[in-house]
Amino acid sequence: MGYPFKEIEQKWQINWEKEKIFSAQPSQGKKKYYLLEMFPYPSGKIHMGHVRNYTIGDVAARFKMIMGFNVLHPMGFDAFGQPAENAAIKNKTKPDIWTHKCIGWMRPELKKMGFSYDWQRELSTSDSSYYKWNQWVFLKMLERGLAYKKASSVNWCPSCETTLANEEVVEGGCWRCHSKVEEKQLEQWFLKISVYKERLLEDLGKLTEWPERVLAMQSNWIGRSQGLEIYFRFKGSDRVIPVFTTRPDTIFGATYIVLAPEHPLVKEIIKGKPQEKEALKFIAKASKESNVVRASTDVKKEGIFTGSFVINPVNNEEIPIWIADYVLMEYGTGAIMAVPTHDQRDFLFAKAHKLPMRVVIENPKSQIPNPKEMKEAYEGQGIQVNSAQFDGLPNEEAKIKISQWMEKEGTAKIQTHWRLRDWLISRQRYWGTPIPVIYCKRCGLVPVPYEELPVQLPKDAPFTGEGGSPLCKVKEFLNARCPKCSSPAQRETDTMATFFDSSWYFLRFCSPGYDKGPFDKEEAGYWMPVDQYIGGIEHAILHLLYSRFFTKFFQDLGLIDFSEPFIRLLTQGMVLKDGQVMSKSRGNIVDPDSIIKKYGADTLRLFILFAAPPETELEWDERGIEGASKFLNRVWRIQENLKDSADHFLIRALHKTIKKVSEDFQGFKFNTAIASLMELTNAIYQSGASQQVLETLAIMLSPIAPHFCEELWQILGNKESIFKAGWPKYDLAFLKEEKITIVVQVNGKLRAKIEVAADISEKELKEMVLADEKIKTWLENKPPKNFILIPQKLVNIVV
RNA sequence: GGGCAAGUGGUGGAAUGGCAUACACGAAGGACUUAAAAUCCUUUGGCCGCAAGGUCGUGAGGGUUCAACUCCCUCCUUGCCCACCA
């Protein structure tokens, strides 16, 4: 018979809620600790990924609580979004009813896991008390010119009938439904995140406790590149075409330039040329293709000669101007200089159209090849050749020298380019925050006045799944009066992308009921920034970047005095089964609820932490669950057989464990912390435990198996919650060993182990080692060449 | 194609320059039991050997070092992120 987990877990969940032990209040006496896990999308049931994410967070929160920190550990729901709308279409229900139903299922499941949330702070982004402040933030951005409308070619998902951010297009398909993305021109709302690009990049340096790879991904996404804008003058005219390049070292190898078909100068250039008719045909064809198609690698690069030439400013060479679909107007200047020998795309294009090539950087591993014999472009490092006064320089050095020289000559300008695009937030969808603007025939675009917020999302709307946003069809919503002139006007029907909602929810948690602003300045001043944030690696770019952007915006509004929202970040690995990610479509889901029923939440928590370190992938194994259950039962039985005092051997083991577990918890190494708790338990089974030893073990295990340990704690006669017991301290005096084992190697190979007094002198140790019979045979009377001694650990004799 | 991870027993994993395989699962054997479950104890990387012991061994190959799973170089495999970004 195992311990009665069902009764125990229920008992303590009720007790914790009654005693409000997780309710957080600012307190000047204690140090604050804000621990946050990425809040879930209410899809219906919690899955193992949630269980893992929230268990990791809960252990950290409870550990800090026992350490005496004032812990804020809130939970809420990222409740707006497309699945609710798709469910409404499919199940003939309403998105808000569906969403609330899902939240109603998930909340008790989270409670059953025993997570230490302050449920009084629960929030849901689809509540008007939340999205009102989305609208407030939007209006502030609009005031400051950070929100703007732009007609632009956007990615259009024909299935979802919505626009997608560039970031949401996955391999030419919609990231949710994978339909092929088309191009469509629409008036869209954008946020000028690009205004913050320097700060977003620079402040990555402050994030010393973020994983390296997340920093690298953010940095790549912002994509700062130093380059040169080179001015190519037309043959026989003073007009110039600016071209941006990150490889100014290859300028002497530029043998033609290429314009995007949309380039404003194209029509002028081809006018009256024999190629005009054919070129126009090509341009028309290219304009029909979406960027996604043009950007795909499997489509052949097409292009056409314009009949015109420019002058290469470094050597006054005449080079032809081409038009090609692989050059996009949106990037750089819409024109490139082509260096076929040192850029693979240019190389393929040049080969296909029989354009000239010249090598200007020597591959150190091979002879300078005849360009005709090259099979691919050489894009690596090397020494400049065919580059006039720059010959012989390493190309990285030449990059700088050529840039400086050309800038001085007035033929180019050193420039910085960024990859980061402005953030498209418009969605032609119902289930999101209405964008608070009104269109008046007389006054134009008018912001909804602050005192009229929130612009309520109407409860009823027709969901057919066709023909754009349901909001367009709700007359009571659509028709409004102009706030300026009171004449009939129309509301904006676009809603905000849900990333907007999640870009500042961590601030709202500080004062979830606040109604004078998005958050109470003082409360946020006390709790923020988040000390530890935990979530999936899939949010490494978008969510984290947008949250950082919003934080900087709030700082600029004077609402907060810090610039980064999350001090420490942990990205947990995925949960796999049979080597594959657990997912509904694969049908390899294990329902957490069934595991709780069979083994209890404490066992599930223990297993999920023990099976792998938090950052790596976790392979689900039902037998591992059995093992976790066995361990808890083993600890449970210790209380049946307590001694009055523990022997020295066990006390030493206890203090060693306290040291190890304390360090491991700090570093989120829960798997090894559990391993040492198991070792302590094994030691207890060897020698028998005293009450004090078992109590200490219970405290150390309590963040992982909280219900279990509370019960054990109470059985041992304690009246107050174990989470107020304080974290145990270890005594170095107990860790000192009298005798230690020294490893003896001969020529780096393990040959013997000798036991010596811990305070042995080097001389004595050396004598003892050389006198050892085994070592003598290995030395074969040869004199040691070298004698390496690592104190307290190891000796290596070299002969 | 680029960037970043990772690769260790039958399995999950431990060790981040100093005893490779902690801890657990699984397996084998034993104790208890009429029996089973549960529990407790023992063994458990490969090869040679009755044993003592030896020897090989952390994806492959090279290097640095008294000493390499750990650091460096080249390559292979897998995963994630990104990609006509000039």
Side-chain angles (χ1 to χ4, degrees), chain A residues 1-2 167 170-171 211-217 219-221 223 225 227-228 243-247 250 257-258 260 291 294-297 299 301 324-328 330-339 343-346 348-349 376 379 417-421 537-538 540-541 571 573-574 576 579 581 606-607 610-613 615-628 630-631 633-634 637 669 671-679 681-682 685 741-753 774 784-790 792-799:
Chain A
M1 268 289 110
E167 296 92 316
V170 180
E171 286 169 14
E212 281 290 332
R213 70 167 162 154
V214 175
L215 293 175
M217 283 159 92
S219 173
N220 288 341
W221 192 261
S225 63
L228 197 63
V243 159
F244 180 75
T245 179
T246 52
R247 293 293 306 271
T250 63
I257 72 169
V258 191
N291 287 352
R294 276 168 62 182
S296 71
T297 37
V299 178
K301 314 289 178 246
D325 60 355
Y326 76 96
V327 175
L328 301 177
E330 273 109 285
Y331 297 115
T333 59
I336 63 158
M337 66 173 206
V339 185
D343 181 289
Q344 186 61 16
R345 286 159 297 150
D346 298 341
L348 292 173
F349 192 81
E376 56 179 11
E379 296 182 338
H417 270 241
W418 300 78
R419 210 188 86 98
L420 184 69
R421 311 277 112 200
I537 186 75
E538 67 272 20
I541 297 174
T571 49
M574 286 181 290
L576 312 181
V581 179
L606 179 70
F607 165 71
F610 183 55
E615 291 92 343
T616 61
E617 290 173 339
L618 183 149
E619 175 69 30
W620 181 262
D621 183 2
E622 187 89 18
R623 287 178 307 207
I625 281 272
E626 296 270 2
K630 251 192 227 176
F631 171 67
N633 280 312
R634 207 164 139 85
R637 282 190 301 271
K669 292 155 104 180
N671 55 333
T672 49
I674 293 166
S676 39
L677 290 172
M678 286 172 167
E679 278 180 83
T681 304
N682 290 343
Y685 271 76
T741 305
I742 299 285
V743 172
V744 186
Q745 297 179 333
V746 177
N747 289 333
K749 294 214 168 193
L750 172 71
R751 293 304 179 196
K753 290 180 186 182
K774 268 192 206 156
K785 224 188 269 175
N786 203 351
F787 193 91
I788 289 141
L789 190 140
I790 309 296
Q792 311 280 303
K793 260 187 194 162
L794 172 140
V795 166
N796 188 12
I797 306 164
V798 189
V799 291

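Scope of the values below: all heavy atoms of this structure, side chains included, with no hydrogens, waters or symmetry mates.
- For A:Arg419, whose side chain is taken as the heavy atoms from C-beta onward, the closest listed nucleotide among B:C82, B:G18, B:G79 is B:C82.
- A:Asn796 comes within 4.0 angstrom of a nucleotide base, judged by non-hydrogen atoms across all strands.
- Atom name P, nucleotides B:A37 and B:C23: the rounded distance is 26 Å, in whole Å.
- Across B:G29 and B:A14, the matching C1' atoms stand 27 Å from one another, rounded to whole Å.
- By the 4.5 Å heavy-atom criterion applied to side chains, A:Arg634 and A:Asn682 are counted as neighbours.
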**OP:** List the steps and the verdict of side-chain contact (heavy atoms from CB on, under 4.5 Å) for A:Met337 and A:Asp346.
**Re:** CA-CA 9 Å; A:Met337 66 173 206; A:Asp346 298 341; over 6 Å; no
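- Each of A:Leu618, A:Ile674, A:Leu677, A:Thr672 was checked for a side chain to side chain contact (heavy atoms under 4.5 Å, CB included) with A:Phe610, and the lone residue meeting it is A:Ile674.
- Base-pairing analysis of RNA chain B finds the following stems of at least three consecutive Watson-Crick or G-U pairs, with both pairing distances under 3.5 Å: B:1-7 with B:76-82, B:10-12 with B:23-25, B:26-31 with B:39-44, B:45-48 with B:53-56, B:59-63 with B:71-75.
- Checking B:C80, B:G13, B:C85 against every side-chain atom of A:Arg421, the shortest atom distance belongs to B:C85.
- Of the side-chain N and O atoms in A:Lys669, none sit less than 4.0 angstrom from OP1 or OP2 of B:U16.
- A:Leu228 contributes atom CG, which lies 8.0 Å from atom CZ of A:Phe244 (distance to the nearest 0.5 angstrom).
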Subject >> Nucleic acid footprint by protein, nucleotides 20-33 of chain B - heavy-atom cut-off 4.0 Å, B for base, S for sugar-phosphate alone >> reply: --BBSSS-------
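- Nucleotides B:A83 and B:C4, compared at atom C1', are 14 Å apart to the nearest Å.
- For the C1' atoms, the distance linking B:A28 with B:A15 amounts to 28 Å, nearest Å.
- A distance of about 14 Å separates the C1' atoms of B:U11 and B:U44, rounded to the whole Å.
- Taking syn as a glycosidic angle within 90° of 0, B:G26 does not qualify and is anti.
- Within 4.0 Å (heavy atoms only), A:Val798 reaches sugar-phosphate atoms of the nucleic acid but no base atom.
- Backbone-only contact: A:Ala611 has heavy atoms under 4.0 Å from sugar-phosphate atoms and none from a base.
- B:G10 and B:A68: their P atoms are spaced 24 Å apart (whole Å).
- Separation of the C1' atoms belonging to B:C85 and B:C71 is 35 Å when rounded to the nearest angstrom.
- The distance between atom CG of A:Leu789 and atom P of B:G18, rounded to the nearest whole Å, is 16 Å.
- Contact between the side-chain N/O atoms of A:Arg751 and the OP1/OP2 oxygens of B:G53 is not found at any separation under 4.0 Å.
- In this structure, the nucleotide among B:A86, B:C82, B:G13 sitting nearest to the side chain of A:Trp221 is B:C82.
- Straight-line distance from the CZ atom of A:Arg637 to the C1' atom of B:U39: 6 Å, rounded to whole Å.
- Of the candidates B:C81, B:C40, B:A86, B:C40 carries the atom nearest the A:Tyr685 side chain, counting heavy atoms from C-beta on.
- For A:Arg247, the salt bridge (charged side-chain N to carboxylate O under 4.0 Å, His left out) partners are A:Asp249, not counting sequence neighbours.
- The only option from A:Asn796, A:Ile797, A:Val795 that meets the side chain to side chain contact (heavy atoms under 4.5 Å, CB included) definition with A:Ile788 turns out to be A:Asn796.
- The separation of B:C19 from B:G62, taken at their C1' atoms, amounts to 27 Å, rounded to a whole angstrom.
- No side-chain N or O of A:Arg419 forms a donor-acceptor pair with one of A:Asn220 less than 3.5 Å apart.
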